[in-house]
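Please read the structure below before turning to the comments.
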Amino acid sequence: ADTPPYELRCTNSDFDDVAESINDQCLEAAFNDENFDEDNTDFLECYTSSSWWAPEARSSTLGKLNTPKGVFCACYEEFSDFVD
């Protein structure tokens, strides 16, 4: 498997578990899914919406995933596990 070019890291070690979960359970799978944008229409809807966080102009799925909003949109379920 390819190593994801974007990896979530937290400067506060209290959040190491969050970062590890996001990286292992979400980002690695997303970066290695050649059809990620087709398989995950919720990701594109989240990413392209500017109602609360404007998307960065990126043409490729990998480019979108390689942004803070892309990580959030791809991994919001994993993030919500930690705040629920």
Side-chain angles (χ1 to χ4, degrees):
D2 293 331
T3 302
Y6 195 88
E7 182 177 81
L8 182 67
R9 292 187 192 147
C10 299
T11 57
N12 183 330
S13 62
D14 290 339
F15 294 100
D16 285 348
D17 289 342
V18 175
E20 185 176 320
S21 176
I22 298 301
N23 291 323
D24 293 348
Q25 296 177 21
C26 177
L27 288 181
E28 185 175 343
F31 282 112
N32 289 312
D33 182 350
E34 293 179 7
N35 299 311
F36 179 78
D37 54 347
E38 295 170 15
D39 296 340
N40 297 282
T41 55
D42 289 344
F43 167 75
L44 285 178
E45 287 178 22
C46 173
Y47 189 83
T48 57
S49 171
S50 58
S51 63
W52 58 280
W53 185 353
E56 296 179 40
R58 304 291 167 99
S59 59
S60 70
T61 300
L62 181 59
K64 291 175 179 76
L65 284 169
N66 211 6
T67 66
K69 185 173 183 179
V71 171
F72 176 80
C73 289
C75 305
Y76 67 88
E77 289 180 17
E78 286 78 7
F79 279 114
S80 69
D81 287 346
F82 286 93
V83 294
D84 189 19

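In what follows, residues are counted from 1 in the order of the sequence shown.
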- Give a yes or no on whether the backbone of Ala19 and the side-chain of Asn23 come within a donor-acceptor separation of less than 3.5 Å. yes
request  = Quick one: sort the Phe72 and Trp52 rings into parallel, tilted or perpendicular, breaks at 30° and 60°.
outcome  = perpendicular
CD1 (Ile22) and CG (Asp17) are apart, to the nearest 0.5 Å, by 11.5 Å
_Strictly distance-based, threshold 3.5 Å: is any side-chain N or O of Thr48 a donor or acceptor partner for the main-chain N or O of Leu44?_
yes
Taken to the nearest 0.5 Å, the spacing of Tyr76 OH from Asp42 CG works out to 4.5 Å
Q.
Could you check whether any side-chain N or O of Lys64 sits under 3.5 Å from a backbone N or O of Ser59, counting only pairs where one atom can act as donor and the other as acceptor?
A. yes
Of all heavy-atom pairs linking Pro55 and Ser49, the shortest is CD-O, 3.8 Å
Value for OG1 (Thr67) from OH (Tyr47), rounded to nearest 0.5 Å, stands at 3.5 Å
When every non-hydrogen atom of Val71 is compared with those of Leu65, the smallest separation belongs to CG2-O, 3.6 Å
For residues 18-53, the disulfide bond (SG atoms under 2.5 Å apart) pairs (sequence neighbours left out) are Cys26-Cys75, Cys46-Cys73
When rounded to the nearest 0.5 Å, the distance separating CZ of Arg58 from NZ of Lys69 is 13.0 Å
